[in-house]
2 protein chains.
Amino acid sequence: MLSRIRIVLVQTFHPGNIGASARAMKTMGLTDLVLVNPRAFPDEEATRLAAGAEDLVAQARVVTSLEEAVNDCVQVVGASARLRSLPLPHFDEPDDMAQTVIQNAHQAPVALVFGRERSGLTNDEIRHCTHQVSIPANPEYGILNLSQAVQILAYEVHRAWRKSADSAFTYQRPLEDTPPSREQFMHFQAHLTRMMQQSGFLTQPHARTQQQLQALFTRAQPSRKELSLLRGLLNALAPEEDKH
Amino acid sequence: MLSRIRIVLVQTFHPGNIGASARAMKTMGLTDLVLVNPRAFPDEEATRLAAGAEDLVAQARVVTSLEEAVNDCVQVVGASARLRSLPLPHFDEPDDMAQTVIQNAHQAPVALVFGRERSGLTNDEIRHCTHQVSIPANPEYGILNLSQAVQILAYEVHRAWRKSADSAFTYQRPLEDTPPSREQFMHFQAHLTRMMQQSGFLTQPHARTQQQLQALFTRAQPSRKELSLLRGLLNALAPEEDKH
């Protein structure tokens, strides 16, 4: 489904931006790149900046009109820093845009169109779009580098896809020890409480202090191994004669 | 409040990545850049890639240890492509991370820490972090360019800030004509209906067809001016003798 999402770059001036955009796309699972009248392409800079995404650059389709690039698409989103007076439906937030893109891409190709580095898209090119989107930014300095804009919108599309009902995306999780059982954990809490009393830290039963420290260790969510380390530490600090 | 959010780059190899990161920061309203042992800095490449953000590059603080860079921070998020075995609290999703960053930045500085282009952060450096975050990406090609990673996390922080209760962020909206009043709109619908009947398009009253076309024009949300254009078009197609 991500394969139906097309990135279209119109008259890109710097081939390096083509390469960096291809890299940005590939990190977000997109593969369909179309270039409308790129100024200099193919070019070493495009390959160099693509890093591990030269395959996308090599497969990129080059066409001579935006119409040709998007004719088969059911939705065409123009990414534009400056809003035009032509009142196309406009997304204030890229995440709202991405939701609709993911929906539509179930059926047919959808294109995200990016304009020239300096001047963006012409009014004529906006006419080929069904929607506009801008990336909310610093009002004093809001023009992102082209490949950065591609990265952000590709990221938002990937995010909408991850969060959609039928995506098979799995998060990379750090290796974690098994959590302890409740019995093991309560043994630890009991040991801690005895230490607090025997050491003179709690001169009289003081429920609140006891509870606060116990809560802290609960929040820390120690693994089985970590609990074992903690118990070892408590034992080293104050060996108990009667172990429970 | 965005001013309390610090970007820390550790031992960046390519000065161009420093410049591009500064640009990415500035578009998202961030200004506090700290460099830990950059390989080559200051450098022309950093200034060149910064585009309009050379002020951030010029003001960047250069230090010799990560500790020095984050000592005053209440939260330190390590951005890491590869999760470490040290089980720090980890954010699967940058947007969850950004919510906590915005919360904490009300009180005190918060740092987002990025490592070396090739090897990321060392285990020792992760120890200076309170949290880890990774950017969910293509499992087959998930390593983003350093300045792209900075752009995405800065974007997520800006997004969390925009959506927070007390942000004064206003969206750039396209100029829109006034919407028509209900009376004006119903006049148009009545005119359209008469045309459908008089032209023979509706040979007999056909409520469904009528409703469908009326609904289409309602969805289009014509401005006052556009309604006027539509009425002019209807008049040109079939001049009425009795105008209502």
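Numbered from 1 within each chain, the chains take letters A, B, ... in sequence-line order.
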Portion of Ala51(A) that has a non-hydrogen atom of chain B nearer than 4.5 angstrom: both

- line: Bottom line for Leu2(B): the part with an atom under 4.5 Å from chain A's heavy atoms is neither

message: For Arg39(B) and Glu117(B): C-alpha separation, side-chain torsions, deciding distance, then whether salt bridge (charged side-chain N to carboxylate O under 4.0 Å, His left out) applies.
response: CA-CA 12 Å; Arg39(B) 182 189 65 92; Glu117(B) 287 93 329; over 6 Å; no

statement: Under 4.5 Å to a heavy atom of chain B? For Arg162(A) that would be side chain

query: How are the rings of His131(B) and Phe91(B) set to each other: parallel, tilted or perpendicular (split at 30° and 60°)?
result: parallel

- prompt: Among Met28(A), Lys26(A), Glu156(A), which has the most heavy-atom pairs under 4.5 Å with chain B?
  reply: Lys26(A)

task: Flag the pair Tyr155(A) / Leu144(B) as yes when at least one side-chain heavy-atom distance between them is below 4.5 Å, and no otherwise.
output: no

query: Are Val77(A) and Thr100(A) close enough that some pair of their side-chain heavy atoms sits under 4.5 Å apart?
result: no

- request: Decide whether Glu44(A) and Thr47(A) meet the rule of one side-chain donor and one side-chain acceptor closer than 3.5 Å.
  value: no

- line: chain B shares the most heavy-atom pairs under 4.5 Å, among Glu93(A), His158(A), Glu140(A), with Glu93(A)

query: What part of Leu49(A) lies closer than 4.5 angstrom to a heavy atom of chain B: side chain, backbone, both or neither?
result: neither

- prompt: With a 4.5 angstrom heavy-atom cut-off, which part of Gln221(A) approaches chain B: side chain, backbone, both or neither?
  reply: neither

field: Salt bridge present between Lys163(B) and Asp95(B) (N-O < 4.0 angstrom)
entry: no

message: Can you see whether Asn145(B) engages Ser147(B) through a side-chain donor-acceptor pair at a distance of less than 3.5 angstrom?
response: yes

Leading residue by heavy atom contact count with chain B [cutoff under 4.5 Å; candidates Gly52(A), Pro136(A), Pro139(A), Gly29(A)]: Pro136(A)

query: Which answer fits Tyr141(A), side chain, backbone, both or neither, if we ask what part of it has an atom under 4.5 Å from a heavy atom of chain B?
result: both

